[in-house]
Undergrad: 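This structure is in structure tokens; I'll ask about it shortly.
Small disclaimer: the values here were computed from a predicted structure and weren't measured. Read the numbers this way: they start at 1 and go in the same order the structure lists the ligands and their atoms.
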Amino acid sequence: MGMDLEKIEEAVTMILEAIGEDPRREGLLDTPKRVARMYQEVFAGLHEDPSQHLKVQFSEDHEEMIIVKDIPVYSMCEHHLVPFYGKAHVAYIPRKGKVTGLSKIARVVEGYAKRPQLQERLTGQIADSVMSMLNARGVLVVIEAEHMCMTMRGVKKPGSMTLTSAVRGIFKTNEITRSEGFALIKQ
Ligand SMILES: Nc1nc2c(ncn2[C@@H]2O[C@H](COP(=O)(O)OP(=O)(O)OP(=O)(O)O)[C@@H](O)[C@H]2O)c(=O)[nH]1
Ligand SMILES: [Zn+2]
């Protein structure tokens, strides 16, 4: 099932009415349409299987750590539908030199981020996807993010960062590898 843009437009019109706005005033006339297009973009990941990007694989004689750091992440907290955003860091150790394109790691992050999410789930989904699609020896994912539901409303703690990590394979079983991964990410 794709996205029902008309339904989003109707819903946005209703929200505008419900908050006491006039959806017919000039500045708001196109707002439901714009919001529908925005949701189509920011929730696009619901309609793809992000792990499919990892089908792009090359053989390279490399069984050491590969880290793609500082990947910008924009997602939507599923509790309030407001953004959380920050950076993702993905480290993995390939098996038998089976590596993927660097951009594909960023595409996986983006695909899972473009859904109503929890930071913990997003972190785990990226790790599981890289682990299984590449049959990697290990994966370590760290996400650091600021949640707008904690900054502009509610508890109002701007600047607070939430850090989540997911470790799989050798990053879980080998303490030295794990420390090395976290240290490289922190650099
Ligand atoms: N674990 C986790 N919690 C999240 C995430 N995004 C938002 N939350 C939290 O989800 C919780 C929802 O709590 P509720 O008490 O149901 O909602 P609320 O009344 O709006 O809570 P406040 O934000 O404290 O005002 C809040 O504590 C949010 O901070 C996330 O990615 N992971
Ligand atoms: Zn929230």
Undergrad: Provide the tally of protein N/O/S atoms nearer than 2.8 Å to the Zn ion (ligand 2).
TA: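 Near the Zn ion (ligand 2), the number of protein N, O or S atoms below 2.8 Å is 3.
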Undergrad: For H147, which part has a heavy atom under 4.0 Å from ligand 1: side chain, backbone, both, or neither?
TA: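 It is the side chain that touches ligand 1; the backbone stays farther off.
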Undergrad: Strictly below 4.0 Å, N to O, side chains only: are E78 and R121 in salt-bridge contact?
TA: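 Salt bridge: yes.
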Undergrad: In terms of side-chain geometry, is the basic nitrogen of R137 or E63 positioned less than 4.0 Å from the acidic oxygen of its partner?
TA: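 Salt bridge between R137 and E63, a charged N being under 4.0 Å from a carboxylate O: yes.
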Undergrad: Checking Q119 against T164: is there a side-chain donor and acceptor pair closer than 3.5 Å?
TA: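 There is such a pair (donor and acceptor under 3.5 Å, judged by atom type) between the side chains of T164 and Q119.
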Undergrad: Counting only heavy atoms from other residues, nucleotides and ligands, does the tally under 6.0 Å from CG of L29 exceed 12?
TA: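 Counting neighbours around CG of L29, more than 12 heavy atoms of other residues, nucleotides or ligands fall under 6.0 Å, so yes.
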Undergrad: Can you pull the side-chain hydrogen bond (donor to acceptor under 3.5 Å, both in side chains) pairs that have at least one residue in residues 177-187, sequence neighbours excluded?
TA: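 Residue pairs with at least one partner in residues 177-187: N174-T177.
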Undergrad: Check whether E144 reaches the backbone of T162 with its side chain - one donor and one acceptor, N or O, closer than 3.5 Å.
TA: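 Checking the backbone N and O of T162 against the side chain of E144, no donor-acceptor pair under 3.5 Å is found.
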Undergrad: Which is closest to atom 28 (C) of ligand 1 by heavy-atom distance: E120, R153, M148, H80?
TA: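 It is H80 that holds the nearest heavy atom.
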Undergrad: Any non-hydrogen side-chain atom of S75 less than 4.5 Å from a side-chain atom of K114?
TA: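 Side-chain contact under 4.5 Å: no.
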Undergrad: Keeping the roles fixed (side chain from R107, backbone from H53), state whether a donor-acceptor pair exists under 3.5 Å.
TA: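 Judged by distance alone, no pair lies under 3.5 Å.
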Undergrad: Is atom 15 (O) of ligand 1 in close reach of the protein, with a heavy atom under 4.0 Å away?
TA: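 So far as the 4.0 Å threshold goes, atom 15 (O) of ligand 1 is out of reach of every protein heavy atom.
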Undergrad: Do you know the tightest heavy-atom contact between Y92 and T100?
TA: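 Closest approach of Y92 to T100: OH-N, 3.2 Å.
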Undergrad: Any non-hydrogen protein atom below 4.0 Å of atom 30 (C) of ligand 1?
TA: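 Yes.
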Undergrad: Counting heavy atoms only, which of H79, E78, M150 is nearest atom 8 (N) of ligand 1?
TA: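 Going through H79, E78, M150 one by one, H79 has the nearest heavy atom to atom 8 (N) of ligand 1.
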Undergrad: Identify whether the distance between the nearest side-chain nitrogen and carboxylate oxygen of K33 and E9 falls below 4.0 Å.
TA: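 Judged by the 4.0 Å cut-off on N to carboxylate O distance, K33 and E9 do form a salt bridge.
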Undergrad: Answer yes or no: is there a donor N or O on one side and an acceptor on the other, between the side chain of E21 and the main chain of I15, under 3.5 Å?
TA: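 Such a contact is absent between E21 side chain and I15 backbone.
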Undergrad: What atoms in ligand 1 come closer than 4.0 Å to a heavy atom of Q119?
TA: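 Under 4.0 Å from Q119, ligand 1 has these atoms: 30 (C), 31 (O).
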Undergrad: Any protein heavy atom at under 4.0 Å, with atom 19 (O) of ligand 1 as the reference point?
TA: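 Looking at atom 19 (O) of ligand 1, one finds that no protein heavy atom lies closer than 4.0 Å.
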Undergrad: Under 4.0 Å from atom 10 (O) of ligand 1, do we find at least one protein heavy atom?
TA: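 Given the 4.0 Å cut-off, atom 10 (O) of ligand 1 counts as touching protein heavy atoms.
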Undergrad: Give a yes or no on whether atom 1 (N) of ligand 1 lies under 4.0 Å from any heavy atom of the protein.
TA: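 At least one protein heavy atom is under 4.0 Å away.
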Undergrad: Strictly inside 4.0 angstrom of atom 23 (O) of ligand 1, do you find any protein heavy atom?
TA: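 So far as the 4.0 Å threshold goes, atom 23 (O) of ligand 1 is in reach of a protein heavy atom.
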Undergrad: Which atoms of ligand 1 have any heavy atom of C149 under 4.0 Å away?
TA: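 Those qualifying, in numeric order: 7 (C).
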